[in-house]
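Heads up, the thing below is written out as structure tokens.
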Amino acid sequence: EVLLGLMKRANRAAHFATGFAVHRGDTDVTVIRQGAFLNDFAEMLMCCFAPTMEIEIRAMQQANPTLRTVSLQRFVFNIDLNDLRQELMKHWHLSELLVRVSDGKHAEHPSVRSALLAARLARHTENGWDNAALPDDIEDIARLLNAPPRVARGFVYKIDQGE
């Protein structure tokens, strides 16, 4: 069930990233889409190979929704899953562009921001559009798209409805 939820979220992230990239006129739409889709693949691996630990993280978040996923993963797995994702992508010889687009350490680049914001939006909206982090997401997406926040909000709703 958890893995299926992560797959659904990855698909939504890819869909949002495609919308952002097309709107911006990016030439690497496919790679940005793939980068957003792969954002959570290390977490997916943990569901398969360390399911008890993944369940522990989810239980802690349900008990205290203000806890950050990244902090809990670092605490439980004793590794930053973003770093693990990057190392695995390099180890598997995925394209340099895909590895870069997936690397949050290069978030100043618009292609990276597109993939990261799409993944963040998919995470924050997986249970509906009332997450407390959404206003910040919309502000960041508005800056990425060079649009007012109300336009960015309408745009992401439209993308989500077209899924």
Side-chain angles (χ1 to χ4, degrees), residues 5-44 46 57-58 60-62 64-75 77 79-89 94-163:
L6 288 170
M7 292 297 295
K8 181 179 178 185
R9 188 169 78 198
N11 278 318
R12 288 185 73 233
H15 196 64
F16 285 129
T18 300
F20 298 165
V22 168
H23 177 83
R24 292 187 68 263
D26 283 310
T27 57
D28 297 313
V29 175
T30 302
V31 174
I32 294 168
R33 178 181 180 81
Q34 291 169 344
F37 182 83
L38 292 173
N39 189 73
D40 291 328
F41 91 83
E43 191 172 350
M44 292 175 196
M46 292 302 175
I57 289 171
R58 295 197 180 262
M60 286 190 278
Q61 280 188 309
Q62 283 185 334
N64 184 351
T66 63
L67 294 173
R68 300 282 319 246
T69 304
V70 172
S71 300
L72 289 173
Q73 289 170 338
R74 200 174 292 125
F75 174 74
F77 295 131
I79 190 171
D80 185 318
L81 292 189
N82 293 319
D83 292 342
L84 176 62
R85 178 190 66 232
Q86 290 307 111
E87 289 305 315
L88 287 172
M89 292 174 82
L94 298 182
S95 80
E96 194 175 309
L97 180 58
L98 180 57
V99 172
R100 191 177 68 237
V101 165
S102 302
D103 190 353
K105 293 176 180 140
H106 299 289
E108 73 284 350
H109 193 280
S111 296
V112 176
R113 242 185 355 263
S114 291
L116 294 176
L117 287 173
R120 202 169 88 189
L121 182 64
R123 176 183 293 277
H124 292 156
T125 60
E126 71 183 320
N127 296 315
W129 288 86
D130 57 353
N131 187 299
L134 276 176
D136 291 338
D137 293 344
I138 297 298
E139 286 289 330
D140 291 343
I141 292 165
R143 278 192 292 281
L144 174 72
L145 302 178
N146 292 318
R150 66 175 181 71
V151 171
R153 183 179 295 106
F155 184 67
V156 297
Y157 287 159
K158 186 177 179 181
I159 291 171
D160 198 38
Q161 296 304 310
E163 197 175 56

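For Ser71, the side chain to side chain contact (heavy atoms under 4.5 Å, CB included) criterion is met by Arg68, not counting sequence neighbours. Residues meeting the side chain to side chain donor-acceptor pair (under 3.5 Å) test with Asn64, sequence neighbours left out: Thr66. By the side chain to side chain contact (heavy atoms under 4.5 Å, CB included) test, Ala107 is found to be paired with Leu116, residues two or more places apart in sequence or in another chain being considered. Asp83 meets the salt bridge (Lys or Arg N to Asp or Glu O under 4.0 Å) test with Lys105; sequence neighbours excluded. Here Thr27 pairs with nothing under the side chain to side chain donor-acceptor pair (under 3.5 Å) rule; sequence neighbours left out. Evaluation of the side chain to side chain donor-acceptor pair (under 3.5 Å) rule for Ser111 yields no partner, not counting sequence neighbours. Under the ring pair (Phe, Tyr, Trp, His ring centres under 6.0 Å) criterion, Phe41 pairs with Trp92, sequence neighbours left out. Glu139 meets the side chain to side chain donor-acceptor pair (under 3.5 Å) test with no other residue; sequence neighbours excluded. Val99 is linked by a side chain to side chain contact (heavy atoms under 4.5 Å, CB included) to Gln86, Met89, Lys90, Leu94, counting only residues two or more places apart in sequence or in another chain.
Of all non-hydrogen atoms in Ala119 and Ala13, the two that sit nearest each other are CA-CB, 3.7 Å. Closest non-hydrogen pair, Pro149 versus Ile138, comes out as O-CG2, 3.5 Å.
Sequence neighbours left out, the pairs with a member in residues 119-136 that pass salt bridge (charged side-chain N to carboxylate O under 4.0 Å, His left out) are Arg9-Glu126, Asp40-Arg123, Glu43-Arg123, Arg120-Asp137, Arg120-Asp140. Listed by first and then second residue, the salt bridge (charged side-chain N to carboxylate O under 4.0 Å, His left out) pairs that reach into residues 21-39 are Arg24-Asp26, sequence neighbours excluded. Screening residues 108-117 for salt bridge (charged side-chain N to carboxylate O under 4.0 Å, His left out), with sequence neighbours left out, gives no hits.
Atom CD1 of residue Ile141 and atom CG of residue Leu121 lie 4.5 Å apart, to the nearest 0.5 angstrom. Distance OG1/Thr125 to CG/Asn127: 9.0 Å, rounded to 0.5 Å. In this structure, OG on Ser102 lies 12.0 Å from CG on Leu88, to the nearest 0.5 angstrom. To the nearest 0.5 Å, the span separating CG on Leu84 from CD1 on Ile79 amounts to 4.5 Å. Atoms NE2 and CG, on His124 and Leu134 in that order, are 7.5 Å from each other to the nearest 0.5 Å.
Using a 4.5 Å heavy-atom cutoff, the side chains of Leu98 and Leu38 are in contact. Under the 4.5 Å side-chain criterion, counting only non-hydrogen atoms from C-beta, Arg12 is in contact with Asp160. Put simply, the side chain of Asn39 reaches to within 4.5 Å of the side chain of Arg85, judged on heavy atoms. By the 4.5 Å heavy-atom criterion applied to side chains, Leu145 and Val151 are not counted as neighbours. Taking 4.5 Å as the limit, some side-chain heavy atom of Val29 sits within range of a side-chain heavy atom of Thr18. Phe16 has its side chain out of reach of Leu117: every pair of non-hydrogen atoms, C-beta onward, lies at least 4.5 Å apart.
More than 12 non-hydrogen atoms from other residues, nucleotides or ligands lie less than 6.0 angstrom from CE of Met60. Within a 6.0 Å radius of CZ in Phe75, other residues, nucleotides and ligands contribute 12 heavy atoms or fewer.
No hydrogens or angles considered: nothing links the side chains of Arg100 and Ser95 as a donor-acceptor pair under 3.5 Å.
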Evaluate the criterion side chain to side chain contact (heavy atoms under 4.5 Å, CB included) for residue pair Asp103 and Asn82; output intermediate values, then yes/no.
CA-CA 8 Å; Asp103 190 353; Asn82 293 319; over 6 Å; no

Candidate pair Phe20 and Val156, rule side chain to side chain contact (heavy atoms under 4.5 Å, CB included), full reasoning
CA-CA 9 Å; Phe20 298 165; Val156 297; 3.7 Å; yes

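Between Phe155 and His23, the two ring planes are tilted [angle within 30° to 60°].
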